[in-house]
Amino acid sequence: MSVTVSGSRGRRRATYHLLTPPNRYPSQLAGWDGTAVFKLATPRTGTSRFGQYLLELEQGGGTTGTVDEGFEHFILSLEGEIELDGVELGEGAFAYVPSGCGIALRSSSAARVMWIKRRYEAAAGIAAPQGLFGRLTELTSYLTDSGVLRRELLPANDPAFDFTMSLMTFPPGADLGQVEVHDEEHGLYMTQGSGCYHLDGDDHDVSAGDFIYMAPYCPQSFTASPDGPAEYLLYKDVNRQIKLT
Ligand code: UGY
Ligand code: MN
């Protein structure tokens with residue numbers, strides 16, 4: 001068997017990594033069964049302060065009990081039906097689970113799930129957020145100056161939340177309008193279409209199923225291909241300052 005090494009688009013750079021579907025290699029996690037876990041970003045990058053995982057669940061797969069009570073969680077069903085803490089989540093349904101609760105997840109069918117977990121960072125004088133459930137089809141969208149449609153899955157203006165999850169939809173040929181360089185980090189999962197991602201001086205062709213981790217201050221921009229709309233799901237830490245020592 002031969003491996004097309006030269007065709008791999010996977011990259012690991014100091015300020016970002018690109019992980020494409022052919023680069024994925026499953027991990028196992030204690031407390032889970034019937035589940036292939038693809039770790040997309042973890043603090044092992046050296047900079048990431050969150051964990052992002054793509055889960056491929058067999059029917060009946062999931063956690064063996066409640067896990068990870070010490071973290072806050074974001075769960076989105078990309079495909080199939082799951083039950084999270086007793087609530088059915090069909091395709092396109094998502095949940096925010098506050099720190100202290102943990103997650104108990106089981107799939108009712110074969111399913112693909114996006115999971116983000118991190119330590120909640122409290123802000124002085126602000127109570128931690130409550131849990132919430134939502135559906136991608138029920139979100140309000142707004143148009144950015146460069147013509148990109150942005151939908152917020154979590155309340156973007158509520159300082160109780162220490163991260164946002166946004167769905168960014170680019171009409172054919174549209175772009176971000178600037179090369180951003182900012183303190184916040186990103187976990188980005190391409191949900192639809194294709195385009196060119198500019199990352200710290202490099203340009204990469206990307207398409208649905210690709211994942212990009214961007215470290216703080218990674219120069220970044222995106223242009224959708226002219227063939228059709230492109231869309232990605234974006235994690236971003238917000239509303240907090242790194243403690244200065
Ligand atoms: O909100 C953001 O930082 C967003 N515009 N970044 C991105 O899409 N790479
Ligand atoms: Mn950004």
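This structure is a prediction, so every number in the text was calculated from the model and none was measured. Note that ligands are numbered from 1 as they come in the structure, with each ligand's atoms numbered from 1 the same way. The chain is numbered in sequence order, starting from 1.
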> Hey, what's the angle at the Mn ion (ligand 2) spanning OE1 (Glu180) and NE2 (His186), nearest 10 degrees?
Replying inline: 170°
>> Given the Mn ion (ligand 2) as the apex, I'd like the angle to OE1 of Gln220 and NE2 of His182, rounded to 10 degrees.
In response: 100°
Under 4.0 Å from ligand 1, counting heavy atoms only, is it the side chain of [X], its backbone, both or neither?
X: His198; answer: neither
X: Leu188; answer: neither
X: Tyr232; answer: side chain
X: Glu184; answer: neither

>> With a 4.5 Å cut-off on side-chain heavy atoms, are Phe222 and Met168 touching?
In response: no
> Is it the case that more than 12 heavy atoms not belonging to Glu138 sit under 6.0 Å from its CD atom?
Replying inline: yes
List ligand 1 atoms under 4.0 Å from [X], heavy atoms only on the residue side.
X: Gln220; value: 6 (N), 7 (C), 9 (N)
X: His182; value: 3 (O)
X: Tyr197; value: 7 (C), 8 (O), 9 (N)
X: Leu176; value: 5 (N), 7 (C), 8 (O), 9 (N)
X: Arg150; value: 1 (O), 2 (C), 4 (C), 5 (N)

> For atom 3 (O) of ligand 1, what's the nearest protein heavy atom and its distance?
Replying inline: Lys236 NZ, 2.9 Å
>> Checking a contact table here: which protein heavy atom is nearest atom 6 (N) of ligand 1, and how many Å away?
In response: Glu180 OE1, 2.9 Å
> Would you say Thr42's side chain and Gly51's backbone share a donor-acceptor pair under 3.5 angstrom?
Replying inline: no
> Taking the six-membered ring for Trp, are Phe74 and Phe163 parallel (under 30°), tilted (30 to 60°) or perpendicular (over 60°)?
Replying inline: perpendicular
>> So, using ring pair (Phe, Tyr, Trp, His ring centres under 6.0 Å) as the criterion, who are the partners of Phe38 when residues are at least two apart?
In response: none
> Would Arg118 count as a cation-pi partner of Phe71, with NZ or CZ less than 6.0 Å from the six-membered ring centre and within 45° of the ring normal?
Replying inline: no
> Between the side chains of Ser107 and Gln59, is a donor N or O closer than 3.5 angstrom to an acceptor N or O?
Replying inline: no
>> Which residues pass the side-chain hydrogen bond (donor to acceptor under 3.5 Å, both in side chains) test with Asp210, not counting sequence neighbours?
In response: Arg9
>> Please find the pair of heavy atoms, one from Glu88 and one from Glu81, that lie closest to each other, and give the distance.
In response: OE1-OE1, 3.0 Å
